There are 2 protein chains.
Amino acid sequence: MRKRAVEISDQTTARLSVYLRCLTALEKEGIQYTSSRGLAERLQLNSAQIRKDLACFGEFGIRGVGYAVRDLRGQILRILGLTRDLGIIVVGAGRLGTALADYPGFQGESVRIVSLVDVDRAKIGQRTAGGVPIRSLEKLPEIARKTGAEIAILAVPRSAAQEVADRVVRSGIKAILNFTPVPVVVPAYVKVNHVDLTREIEGLAFFLRQLATARKAGTEARAASR
Amino acid sequence: MRKRAVEISDQTTARLSVYLRCLTALEKEGIQYTSSRGLAERLQLNSAQIRKDLACFGEFGIRGVGYAVRDLRGQILRILGLTRDLGIIVVGAGRLGTALADYPGFQGESVRIVSLVDVDRAKIGQRTAGGVPIRSLEKLPEIARKTGAEIAILAVPRSAAQEVADRVVRSGIKAILNFTPVPVVVPAYVKVNHVDLTREIEGLAFFLRQLATARKAGTEARAASR
DNA sequence: GTTTGTGAAAGATTTCACAGCG
DNA sequence: CGCTGTGAAATCTTTCACAAAC
């Protein structure tokens, strides 16, 4: 069962999340069995990819039949570490931080926002519209310790990003979701996932420029061939 | 100069964004020249990677010297299509949509939020705290046409995601930044970048579970060796 | 019959290492 | 001399294709 000889790639992990969501939907639809082909068609990817991803963690299928939806979903929940409670602290009670703290997508499935912290005295002691208490950034180590929160979401201004990341690390948190535009530097034992809005928008800008260039080239080619 | 024989990968595009941000910082620091090694050290990646990425688009360096910061920055701006104005429409005036519409990271550098649209009659006609006008979703095609906006940010509830994506596509927009947890399906000529918060959090959960497992295994091994 | 799990092949990406230029 | 630009090598990822299992 323990097949952790090879390191699991981030891409595989990301796809496990996708499989999980798909299985949750299938279960809700009352479907009891599926196959790597069935999943692959729904998710627009190769069926061998799905089998390979799952093979990193064990054998979950029945040959000639496929996978039991409920069972496979449970396995992936376990693999991803979602069977125990996971506490999240949002750092930065600005518009984005507040919106993230109240984000309904986080509710349920063992993940919960335990607190929102900020340096602004006017906000400390209040609660978000969704009921998340706002506390002092100073209290971060204490809150982390008492609640057992293991994930921090960084939603502070760029100028504060690195310093706040350092505080988060010092408070013992080892997993960070970074919403600032700064690629914060942390020790190797801490994992940072960077949600970089600038990069996303610039990726779309590049796509649009390519479209525009291709169209122009096409027009010119057509004009030239006349 | 035109070397578009090979398709440019998303990974290369994402790194161009990173190079751009780094060059902007260097320029602000008053540094005039840098090298692939200098950039690589700052960005924690391989210098050949940077040279290969740039080689897709031309030759921008000076052998024996490196790159002129200002010039290379201008080249990347051009490559990414950031030299002309890019309008963004945010769809969904909930907490997240409003926060994104006012997000300061988007301001400047040719990118601007032109409007926020929603179906909620109570919100239509208002403005966000940052001054972005809220208009009716019905007006989306008209707003897109009049403002020339080319990018839509989806920040609607999951139940509305696919239907709203269809409307966005019908209004002529070909680039979407999807903040919903739904992997929306669109025609092949439309590009969607999916910011999937669930996937990000689950990636961190997996990392934490691995940490916990490794620590436990280590403890057991130590106990066994006594 | 069908579908899994998996070696082997193909493809993509990253890194090395060096010729050639400034 | 130092650094770019780039083939070749190494590495990583995806896909193929089929034996084994139900």
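Just so it is clear, the model here is predicted, and its values are computed rather than measured. When reading the values below, keep in mind they use all heavy atoms of this one structure, side chains included, and skip hydrogens, waters and symmetry mates. Every chain is numbered from 1 and lettered A, B, ... according to where its sequence line falls, protein lines coming before strand lines.
- Spacing between atom CZ of B:F60 and atom C1' of D:dT6 amounts to 15 Å, rounded to whole angstrom units.
- A:E27 is linked by a side-chain contact (heavy atoms from CB on, under 4.5 Å) to A:V69, A:R70, A:R73, counting only residues two or more places apart in sequence or in another chain.
- In terms of the salt bridge (Lys or Arg N to Asp or Glu O under 4.0 Å) criterion, residue partners of A:D10 (sequence neighbours excluded) are, by chain and number, A:K191.
- Annotation: the terminal axes of the helix from C:dG1-D:dC22 to C:dG22-D:dC1 meet at 10°, where each axis is the rotation carrying the C1' atoms of four end pairs onto the next four (5 pairs per end, rounded to 10°).
- For B:E59, whose side chain is taken as the heavy atoms from C-beta onward, the closest listed nucleotide among D:dG5, C:dT6, D:dT13 is D:dG5.
- A:R63 meets the salt bridge (Lys or Arg N to Asp or Glu O under 4.0 Å) test with no other residue; sequence neighbours excluded.
- Across residues 45-53 of chain B, B:R51, B:K52 each have a non-hydrogen atom less than 4.0 Å from an atom of DNA chain D (numbered order).
- Judged purely by distance below 3.5 Å, without hydrogens or angles, the side chains of A:T12 and A:D53 pair a donor atom with an acceptor atom.
- With sequence neighbours left out, the side-chain contact (heavy atoms from CB on, under 4.5 Å) criterion links A:R158 to A:P181, A:V182, B:R21.
- In this structure, A:Q75 atom CD and C:dG5 atom C1' are separated by 16 Å, rounded to whole Å.
- The distance between atom CG of A:D10 and atom C1' of D:dT14, rounded to the nearest whole Å, is 17 Å.
- Between B:L54 atom CG and C:dT13 atom C1' there is a gap of 16 Å when expressed in whole angstrom units.
- Contacts between residues 61-74 of chain A and DNA chain D, defined by a heavy-atom separation under 4.0 Å, are made by A:R63, A:G64.
- Among the heavy atoms of the strands, none lies under 4.0 Å from B:T12.
- Atom CD1 of A:I153 and atom CG of B:L197 lie 7.5 Å apart (nearest 0.5 Å).
- By the side-chain hydrogen bond (donor to acceptor under 3.5 Å, both in side chains) test, B:E29 pairs with B:R42, sequence neighbours left out.
- With sequence neighbours excluded, the residues that form a side-chain hydrogen bond (donor to acceptor under 3.5 Å, both in side chains) with B:R51 are B:S36, B:S47.
- At whole-Å resolution of the value, CD in A:E7 and C1' in D:dT13 are 16 Å apart.
- Applying the salt bridge (Lys or Arg N to Asp or Glu O under 4.0 Å) criterion to B:E202, with sequence neighbours excluded, gives no partner residue.
- Within a 6.0 Å radius of CZ in A:R167, other residues, nucleotides and ligands contribute more than 12 heavy atoms.
- Non-hydrogen atoms lying under 4.0 Å from DNA chain D are contributed by nothing in residues 31-44 of chain A.
- With sequence neighbours left out, B:D166 forms a salt bridge (Lys or Arg N to Asp or Glu O under 4.0 Å) with no residue at all.
- In this structure a side-chain-to-backbone donor-acceptor pair under 3.5 Å is missing from A:E150 to B:L208.
- For B:H194 (side chain) and B:T180 (main-chain N/O), a donor-acceptor pair under 3.5 Å exists by modelled atom type.
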